Visitor: 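Can you keep this structure in mind? I'll have questions shortly.
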Protein chains: 2
Amino acid sequence: MVLGAGFGGLTFAKDFPSHMARVTVVDQQNHHVFQPLLYQVATAGLSAPDIAQPIRSILRDKPNLTVLMAGVKSIDLAARRVELDHGTLEFDYLVIALGGQTSYFGHDEWEQFAPGLKTLDDAVRLRRNMLLAYEQAEVETDLRKREELMTTVVVGGGPTGVELAGSFAELARTVLYRDFDHIDPRQARILLVEGSPNILSGFPADLSASALRQLTKLGVEVKLNTRVTAIRAGEVELDGVPLRAGNLVWAAGVGASPVTRSLGVETDRAGRIKVLPDLSLPGHPHVFAIGDLAALTDAKGVVVPGVAQGAMQGGAHVAKLLAYDIAVGDRPPAQRAAFAYWDKGNMATIGRSKAIAQVGRLHLSGILAWGMWLAIHLVFLVGLRNRISVFLQWIYAYFTYRRGARIIMGEDRR
Amino acid sequence: MVLGAGFGGLTFAKDFPSHMARVTVVDQQNHHVFQPLLYQVATAGLSAPDIAQPIRSILRDKPNLTVLMAGVKSIDLAARRVELDHGTLEFDYLVIALGGQTSYFGHDEWEQFAPGLKTLDDAVRLRRNMLLAYEQAEVETDLRKREELMTTVVVGGGPTGVELAGSFAELARTVLYRDFDHIDPRQARILLVEGSPNILSGFPADLSASALRQLTKLGVEVKLNTRVTAIRAGEVELDGVPLRAGNLVWAAGVGASPVTRSLGVETDRAGRIKVLPDLSLPGHPHVFAIGDLAALTDAKGVVVPGVAQGAMQGGAHVAKLLAYDIAVGDRPPAQRAAFAYWDKGNMATIGRSKAIAQVGRLHLSGILAWGMWLAIHLVFLVGLRNRISVFLQWIYAYFTYRRGARIIMGEDRR
């Protein structure tokens with residue numbers, strides 16, 4: 001049984017030869033989301049369905065495989081039982097791939113004022129908040145309040161925060177400015193707040209510095225070494241100094257799914273399960289954890305990062321391991337059973353012709369990195385229809401400086 | 001000032017020479033929705049942004065024109081004042097084009113169990129309800145309950161009801177059936193309930209009969225002369241006989257926006273304003289009503305129908321009239337001032353290669369009418385990007401029998 005149909009769970013489900021054993025894939029959503037492009041839905045570049053695909057549809061051709069849309073309430077490892085929203089499932093083998101969720105480091109009350117970005121619903125909510133802030137600024141006569149409404153604060157200088165801040169800035173300066181009469185969105189302030197001395201700290205120093213320059217060029221104010229001390233409605237406190245903002249986004253913390261805490265196994269500070277080298281759980285060789293909720297330093301001493309590649313390679317590894325186990329009746333020798341992460345490279349996009357990329361010793365930034373980012377994201381996007389649709393929308397946006405999804409939806413209109 | 005940016009209000013705003021007078025366009029949404037394709041969003045064929053365009057963006061090139069996103073609370077005709085959600089606006093001339101809303105004929109409590117289809121949010125809600133019902137059926141072990149969950153009831157045999165029922169049937173029989181293991185969506189029941197003896201009663205009898213045959217061929221059970229006597233959670237009463245259904249949709253009634261009741265002018269049973277031949281309000285020559293909230297039998301004795309054509313022609317007419325009024329300082333003679341509806345034809349689609357169309361004396365049905373429907377809807381869809389996107393998705397769906405937007409979104413997961 002597989003819990004979660006993100007990059008990890010889906011790769012397992014695709015790779016595992018399902019004629020060998022019944023597979024049940026459980027996910028709370030009916031769709032797989034291509035998370036690396038979620039920020040483009042939040043910033044009105046793409047439609048939600050463009051980056052999602054029904055899980056049933058992706059796995060439709062696998063024999064002996066069932067997809068269940070259900071939430072996971074708890075897992076009883078000893079009894080080999082998973083309790084779902086409705087009903088209970090028993091398993092012989094279990095792959096836990098439920099991923100992460102936005103973490104507010106103990107300040108869950110901040111969520112209502114500064115939402116995070118993990119699901120399509122989150123993305124549509126961010127899009128709504130951002131577009132509504134400009135609509136409110138347009139009718140606001142008080143100049144100070146107008147400036148506040150046109151201020152966006154993104155908390156967290158990781159890839160998601162950088163992508164969001166860059167895209168918000170570009171949207172205001174190149175797209176929205178033509179739409180309004182009373183405000184000039186080119187004057188909008190976009191702040192990116194990072195607690196550490198660097199943005200994109202997972203990258204080498206030269207690329208991180210390049211990303212900072214590219215972001216600043218787009219007009220994003222980057223505040224390094226700055227901590228968020230409080231968040232209230234329309235207001236964030238930076239190192240104790242309050243700043244009012246019409247649009248607040250939280251991209252600072254990702255913690256593991258809370259289910260990990262109910263397992264009775266050791267977790268790290270972020271709640272990730274400390275798995276054995278073969279990705280199984282200590283004391284539970286028939287249970288595996290992959291992706292964002294697993295913590296592992298692999299055989300070569302590499303810390304497996306919480307990115308799509310890590311989850312996908314983990315899923316593929318466990319699929320092979322279980323197929324061997326079922327065919328042979330035993331596990332392969334420890335050396336072969338151990339997971340080795342292959343770092344294919346790392347990239348982040350900042351804006352039009354602006355990105356950074358690292359492939360081995362090769363460090364790229366600017367238009368070359370951007371082109372590579374576009375190509376790789378198109379190739380890995382699930383579904384031919386989505387690939388074509390996203391490709392055409394990117395071309396359209398590139399030449400017209402427009403974004404097609406500037407639509408405010410949802411009941412929550414303040 | 002124009003209230004509403006549907007077909008009527010938008011046509012007025014585009015046609016009126018705005019250098020002659022300041023124009024303010026007020027709409028509750030930030031986007032114009034192409035309503036004729038709303039049913040395709042509800043049935044997972046298209047994404048919401050594909051059929052919507054930001055109003056600001058459409059009218060960006062008009063000088064002297066402001067777009068306001070706000071709800072209309074009340075209109076004081078004598079004081080020439082409109083009260084909005086936030087603030088008040090004064091006007092010299094007013095065009096009321098707020099359109100209609102779903103009407104439950106005094107049974108507003110049915111809305112929660114059988115939602116209607118007027119906005120993008122409605123469409124995403126219908127899509128969610130429909131897809132969730134199949135997901136629930138997939139995990140339901142009780143055979144009778146499973147059948148209930150796989151039953152869809154569409155109330156109302158007008159164009160929207162027919163399009164929805166046809167599209168739901170096609171989705172189940174040609175798309176979804178490959179996705180599930182425990183249920184066979186080809187066995188799903190789709191019922192269309194109509195109180196009168198005919199579906200699509202606005203069409204000539206031969207076309208209405210043809211539509212009925214085409215719908216039945218798709219597997220829709222059409223219940224004519226059947227009244228809905230009650231609606232409860234998951235249950236509808238047809239002539240007093242209860243029927244349980246996992247998916248209930250209300251497409252039976254459209255009433256005018258409730259704002260019409262506060263005006264102190266005469267309205268018809270559906271709440272539509274009885275306008276004078278020039279589309280102005282009796283006793284208020286500077287106030288006009290167009291589109292779904294206006295009731296008029298034109299000079300030639302034709303009842304102006306509540307369709308896009310009627311609203312657009314009304315908007316164009318009032319734009320001309322006001323330009324004349326401002327330029328000349330008077331209205332044109334009564335004969336020229338009177339609105340004459342030009343019926344360009346009428347069409348409704350039922351499914352793949354299935355449609356009916358009437359253009360003057362020409363009656364078409366089947367694939368010819370369907371081709372015409374596709375072409376006309378593509379041409380009239382607002383926005384080049386949307387046109388390309390919809391065109392490609394239709395081609396894709398035609399050849400692959402897939403639908404790209406089978407995504408369940410929204411918090412309301414039951």
Side-chain angles (χ1 to χ4, degrees), chain A residues 28-31 33 44 46-50 52-57 59-61 65-71 84-87 119-121 124 131-132 135-136 138-139 141 175-176 178-182 383-386 388-389 392-393 396-397 400 402 404-411 413, chain B residues 28-31 33 44 46-50 52-57 59-61 65-71 84-87 119-121 124 131-132 135-136 138-139 141 175-176 178-182 383-386 388-389 392-393 396-397 400 402 404-411 413:
Chain A
Q28 201 169 3
Q29 310 280 356
N30 82 323
H31 52 270
V33 178
L46 296 172
S47 309
D50 283 338
Q53 188 86 334
I55 299 162
R56 298 192 178 288
S57 173
L59 299 173
R60 131 192 312 177
D61 295 330
L65 182 146
T66 309
V67 177
L68 267 190
M69 180 177 166
L84 305 175
D85 286 346
H86 17 244
T119 66
L120 286 180
D121 285 323
V124 170
L131 292 172
L132 270 179
E135 292 290 340
Q136 287 171 337
E138 171 82 354
V139 294
T141 46
V175 181
L176 290 181
R178 286 175 291 186
D179 285 356
F180 291 87
D181 297 312
H182 302 123
L384 177 66
R385 188 203 79 98
N386 289 357
I388 295 172
S389 175
L392 290 172
Q393 289 188 61
Y396 180 81
T400 63
R402 294 193 177 202
R406 305 202 303 288
I407 304 299
I408 299 177
M409 285 179 67
E411 317 294 331
R413 296 171 183 284
Chain B
Q28 202 170 2
Q29 310 278 358
N30 82 325
H31 52 270
V33 178
L46 296 173
S47 308
D50 284 338
Q53 187 85 336
I55 298 162
R56 298 191 178 288
S57 173
L59 299 173
R60 128 190 315 175
D61 295 329
L65 182 147
T66 309
V67 177
L68 269 189
M69 181 178 165
L84 305 175
D85 286 348
H86 17 246
T119 67
L120 286 180
D121 285 322
V124 171
L131 292 172
L132 271 179
E135 292 290 340
Q136 289 172 336
E138 172 82 355
V139 293
T141 46
V175 181
L176 290 181
R178 287 175 291 186
D179 285 356
F180 292 87
D181 296 312
H182 301 125
L384 176 67
R385 189 203 80 96
N386 290 356
I388 295 173
S389 176
L392 290 172
Q393 290 188 61
Y396 181 82
T400 63
R402 293 194 178 202
R406 306 202 303 287
I407 303 299
I408 298 177
M409 285 180 69
E411 317 295 330
R413 298 172 181 285

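Source: prediction; values computed, not measured. Proteins get letters first, then strands, A, B, ... in listed order; numbering begins at 1 in each.
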Visitor: Among S47(A), A397(A), A48(A), A52(A), who wins on heavy-atom pairs under 4.5 Å with chain B?
Guide: S47(A)
Visitor: Could you tell me which portion of V67(B) (side chain, backbone, both or neither) has an atom closer than 4.5 angstrom to a non-hydrogen atom of chain A?
Guide: backbone
Visitor: Measuring from atom CD1 of I408(B) to atom CD of Q28(A), what distance do you get when rounded to the nearest 0.5 angstrom?
Guide: 11.5 Å
Visitor: So, taking the atom named CZ in R178(A) and the one named CG in D61(B), what distance separates them when rounded to the nearest 0.5 Å?
Guide: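 Here the rounded value is 9.0 Å.
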Visitor: Please identify each residue that fulfils side-chain hydrogen bond (donor to acceptor under 3.5 Å, both in side chains) with R60(A), with sequence neighbours left out.
Guide: D179(B)
Visitor: To the nearest 0.5 Å, how far apart are CD in Q136(A) and CE in M69(B)?
Guide: 8.5 Å
Visitor: Chain A: which of I407(B), D85(B), L46(B), I55(B) shares the most heavy-atom pairs with it under 4.5 Å?
Guide: I407(B)
Visitor: Among the options H86(B), H182(B), R402(B), pick out the one with the most heavy-atom pairs lying under 4.5 Å from chain A.
Guide: R402(B)
Visitor: In Å and rounded to the nearest 0.5 Å, what is the OG to CG distance from S389(B) to L392(A)?
Guide: 8.0 Å
Visitor: Using side-chain heavy atoms (C-beta onward) and a distance below 4.5 Å, is R56(B) in contact with L176(A)?
Guide: no
Visitor: Which answer fits L120(B), side chain, backbone, both or neither, if we ask what part of it has an atom under 4.5 Å from a heavy atom of chain A?
Guide: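 Contact with chain A involves both backbone and side-chain atoms of L120(B).
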